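Structure first, then comments.
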Amino acid sequence: MDYKTRTRIAGILFDEAVPVGNEVIVLGWIRTVRVSKNVAFVEVNDGSCMKNIQGVIGDPTAFPILEKLGTGAAVRMKGTLKPSEGKGQQYEIDVTELDLVGEADQTFPLQKKRHSFEFLREIAHLRPRTNTFGAVNRIRSKLAYAIHQYYQERGFYYIHTPIISASDCEGAGNLFRVTTHDLADVPVADGEVNWDDDFFGTEAYLTVSGQLEGELLATALGDIYTFGPTFRAENSNTSRHASEFWMIEPEMAFAELDDDMDLAEDFLKWLFQYALEQCADDMEFFDQWIARDEELRKRLEHVVNSSFERVTYTEAVEILEKSKQKFEFPVHWGADLQSEHERYLTEKKFNKPVIVYNYPDEIKAFYMRQNDDGKSVAAMDVLVPGVGEIIGGSQREERYDVLAERIVKKQIGELENYGWYLDIRRYGSVPHAGFGLGFERALMYITGMANIRDVIPFPRVPRWAKF
RNA sequence: UCCCCUGUAGCUCAGUCGGUAGAGCAGCUGACUGUUAAUCAGCGGGUCGUUGGUUCGAGUCCAACCGGGGGAGCCA
């Protein structure tokens, strides 16, 4: 069979790749078949877009192959493109040849009706063939590309930070260990595991962030970004946490916190607009079938055309205190904002993305730049309705003495372990800032999908690494 | 890890006061139709998550464990 010649359905329906009346060949998977005595319809989807194309067979008895065509089967369909006689589609194919490429029998799990996302997660190898996951996977690809476009067009260099890390100073949660030790017979010296004999000659982990290495490159290339997988061994069982996720981390030299916030806001808006304009068909689907209030696109359009709300942590606490809202956890200056507080700010008070900045020193990481008030640091979080924290970033402490003092004060390890990180503060140190955007969380906000496990093809979460 | 909910047919679920299992959809067969989540008729389909306990008798009550969902914490 000839698989070389074919036209993608997206090309037929959106790009007018085939003039009406011309011959066309489609290769794809059957979504539904309707056979009767005088006419049969075969709907095929090839993944190129949301829509199927309908093949029409005027004389079903001339196509005995129809007996074998069930939902899920792969087919090659050849015929003449023509305007549809029926309602619901613009074009259809007057079929002259219909070949079975790969059979799918009646045990094919996907039915011609809606399935629960919980069920689909258990058949993650087949769920890409559904409308929802087709749309999710297409938009994921488009937005990954868009992210590169955004930074490349603005002079940021794409750098690759290590996935295996021996760094002690990442300090963002629990780490997955990387080892070649025989776990049934771990070499021990003086009662402790002997890491000298391990593969890297030291303890090694999967990275929880490329930030520290990103800072090193930013202080050479100027503006950089990373975009890669990130691993957290937290026992988090929520709809917005995954053990393996993708993160975008820009880092800018000669930049301060307001530059960081400006970049975060401009970047997110640009990304939302890109989704609305370049993924219109899939976005319409999310708007209609996934977002609960069916106002997904309206909401994104509004966000693109307005400013993010920016409040200091101190102002945020004041707003919460004055809100008369009953919170499970009371607010006071110095306490970390709870989910309920963040949700109130972004969903009720402002109903749009909110940037909270200048957090108390005590609740933030050692590398964040100390403010002049002596009690807060130049950190910022971007909160969005429905998802919560989507970006976390900061201006980095560039003053050697201050940073060294913070490492000691926060008791996060021996100073000598931070040698290379401190070195860029010794040699040509510059103010710099950056942030991390959770790619999946951005996808959740853009698509309206409620669970992070449904915006990544094969999610990794505690007790689940199948496929 | 903690709190709450939940697990019954391929899927989504019902199952009363403890008395031995039901519906819709899907599937199969047939009819019919420019159909489009097609329609109509008929048919088949179950280790009630697992183990133990209470009971004459457990899908139902109790316990433990396992799975799933929601929320919290951690964070992106």
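Quantities reported herein were computed from a predicted structural model and do not represent experimental measurements. Letters A, B, ... mirror the listed sequences (proteins, then strands); counts begin at 1.
- At the heavy-atom level, E43(A) lies under 4.0 Å from base atoms of the strands shown.
- A76(B) atom C1' lies 12 Å from atom CG of L268(A), rounded to whole Å.
- When the shell of 6.0 Å around CZ of R8(A) is examined, it contains 12 or fewer heavy atoms from other residues, nucleotides or ligands.
- In this structure, Y418(A) has its ring center under 6.0 Å from that of F366(A).
- Side-chain to base pairing of K82(A) with G34(B): one donor and one acceptor N or O lie within less than 3.5 Å of each other.
- In this structure, G7(B) and C66(B) make a Watson-Crick or G-U wobble pair, each of the two defining distances being under 3.5 angstrom.
- Residue-level contact check: T107(A) touches neither bases nor backbone, having no heavy atom under 4.0 Å from any strand.
- One P atom belongs to G52(B), the other to G57(B), and the distance between them is 15 Å to the nearest Å.
- Remark: C61(B) base-pairs with G53(B); criterion is Watson-Crick or G-U wobble with both hydrogen-bond distances under 3.5 Å.
- Considering only side-chain atoms of R232(A), the nucleotide from C74(B), C75(B), U35(B) that sits closest is C75(B).
- Considering only the side chain of E389(A), A76(B) comes nearest among A76(B), C11(B), G71(B).
- Of the candidates U35(B), U1(B), G70(B), U1(B) carries the atom nearest the N235(A) side chain, counting heavy atoms from C-beta on.
- Residue E85(A) has its side chain nearest to G34(B) when only G34(B), G68(B), C75(B) are considered.
- Residue side chain F439(A) fails the stacking definition with respect to A76(B), as its ring centre and the base's six-membered ring centre are not both under 5.5 angstrom apart and under 30 degrees in plane angle.
- Using a 4.0 Å heavy-atom criterion, one finds that V384(A) contacts no nucleic acid atom at all.
- Residue Q111(A) places no side-chain N or O under 4.0 Å from the OP1 or OP2 atom of C25(B).
- Counting non-hydrogen atoms under 4.0 angstrom, F119(A) reaches the backbone sugars and phosphates but no base.
- Distances shown here put a side-chain N or O of R343(A) below 4.0 Å from the OP1 or OP2 atom of A72(B).
- Side-chain atoms of Q89(A) lie closest to U35(B) of the nucleotides A72(B), G10(B), U35(B).
- Mapped onto RNA chain B by nearest heavy atom, K112(A) and S243(A) fall at different nucleotides, with K112(A) at the one closer to the 5' end.
- Taking every side-chain heavy atom of S239(A) into account, G70(B) is the closest of G10(B), A76(B), G70(B).
- A donor-acceptor contact under 3.5 Å is not formed by the side chain of H115(A) with the base of C11(B).
- Residue N237(A) is in base contact, counting any heavy-atom pair closer than 4.0 Å across all strands shown.
- Between E389(A) and R441(A) there is no salt bridge, since none of the side-chain N atoms of the basic residue sits less than 4.0 Å from a carboxylate O of the acidic one.
- The side-chain heavy atoms of S394(A) and F435(A), taken from C-beta on, include no pair separated by under 4.5 Å.
- The only option from I123(A), V136(A), N45(A), L110(A) that meets the side chain to side chain contact (heavy atoms under 4.5 Å, CB included) definition with T130(A) turns out to be L110(A).
- Within 4.0 Å of R31(A), counting heavy atoms only, lies no atom of the nucleic acid at all.
- Here S236(A) does not reach the OP1 or OP2 of C75(B): none of its side-chain N or O atoms lies under 4.0 Å away.
- Applying the Watson-Crick and G-U wobble criteria (two distances, each under 3.5 Å), A72(B) pairs with U1(B).
- Residues of residues 348-365 of chain A that place a heavy atom closer than 4.0 Å to RNA chain B do not occur.
- R232(A) has no carboxylate O lying under 4.0 Å from a charged side-chain N of E244(A), or vice versa, which leaves the two without a salt bridge.
- With a 6.0 Å cutoff to the six-membered ring centre and a 45° limit on the axis angle, K364(A) counts as a cation-pi contact of Y359(A).
- Within residues 132-141 of chain A, no residue has any heavy atom closer than 4.0 Å to RNA chain B.
- Checking the phosphate oxygens (OP1, OP2) of A38(B), a side-chain nitrogen or oxygen of T32(A) falls inside 4.0 Å.
- Between F176(A) and Y205(A), the ring center distance fails the sub-6.0 Å criterion.
- Here the side chain of Q54(A) is nearest to one of A76(B), G34(B), A72(B), namely G34(B).
- Taking 3.5 Å as the limit, the base of C75(B) and the side chain of R441(A) contain a donor-acceptor pair of atoms between them.
- Within 4.0 Å of I452(A), counting heavy atoms only, lies at least one base atom of the nucleic acid.
- Between E23(A) and K78(A), at least one side-chain nitrogen of the basic residue sits less than 4.0 Å from a carboxylate oxygen of the acidic one, meeting the salt-bridge criterion.
- Ranking A72(B), G69(B), A38(B) by closeness to the F329(A) side chain, first place goes to A72(B).
- At C32(B), one or more side-chain N or O atoms of K37(A) fall inside 4.0 Å of OP1 or OP2 (strictly under the cut-off).
- Whole-Å rounding puts the D59(A) CG to G34(B) P distance at 14 Å.
- With P as the reference atom, U6(B) and G15(B) are 11 Å apart, rounded to whole Å.
- Look at R240(A) and you'll find a side-chain N or O under 4.0 angstrom from OP1 or OP2 of A72(B).
- Checked against C11(B), G69(B), G73(B), the side chain of R121(A) finds its nearest nucleotide in G69(B).
- The cationic group of R154(A) lies under 6.0 Å from the six-membered ring centre of Y150(A) and within 45° of the ring axis, placing it in a cation-pi geometry.
- Looking at heavy-atom distances under 4.0 Å, S84(A) makes contact with a base.
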Side chain to side chain contact (heavy atoms under 4.5 Å, CB included) for V42(A) and R31(A)? Distances and angles first, verdict last. CA-CA 8 Å; V42(A) 180; R31(A) 284 297 177 82; over 6 Å; no

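- For F327(A), the CZ atom counts as densely surrounded, since its 6.0 Å shell holds more than 12 non-hydrogen atoms of other residues, nucleotides or ligands.
- In this structure, the CG atom of D105(A) is 14 Å from the C1' atom of A26(B), given to the nearest Å.
- E92(A) and S84(A) form a side-chain donor-acceptor contact under 3.5 Å, judged by distance and modelled atom types alone.
- The residue Q211(A) sits apart from the nucleic acid: no heavy atom pair falls under 4.0 Å.
- Side-chain to base pairing of E92(A) with G34(B): one donor and one acceptor N or O lie within less than 3.5 Å of each other.
- As judged by a 4.0 angstrom heavy-atom cut-off over every strand, E440(A) is placed among residues making no nucleic acid contact.
- Put simply, the residue from V455(A), L126(A), L120(A) that forms a side chain to side chain contact (heavy atoms under 4.5 Å, CB included) with F133(A) is L120(A).
- Within 4.0 Å (heavy atoms only), A40(A) reaches no atom of the nucleic acid at all.
- Across all strands shown, G436(A) has heavy atoms under 4.0 Å from sugar-phosphate atoms exclusively, and none from any base.
- Nucleic acid contact for Q106(A): sugar-phosphate only, since backbone atoms but no base atoms lie under 4.0 Å from a heavy atom of the residue.
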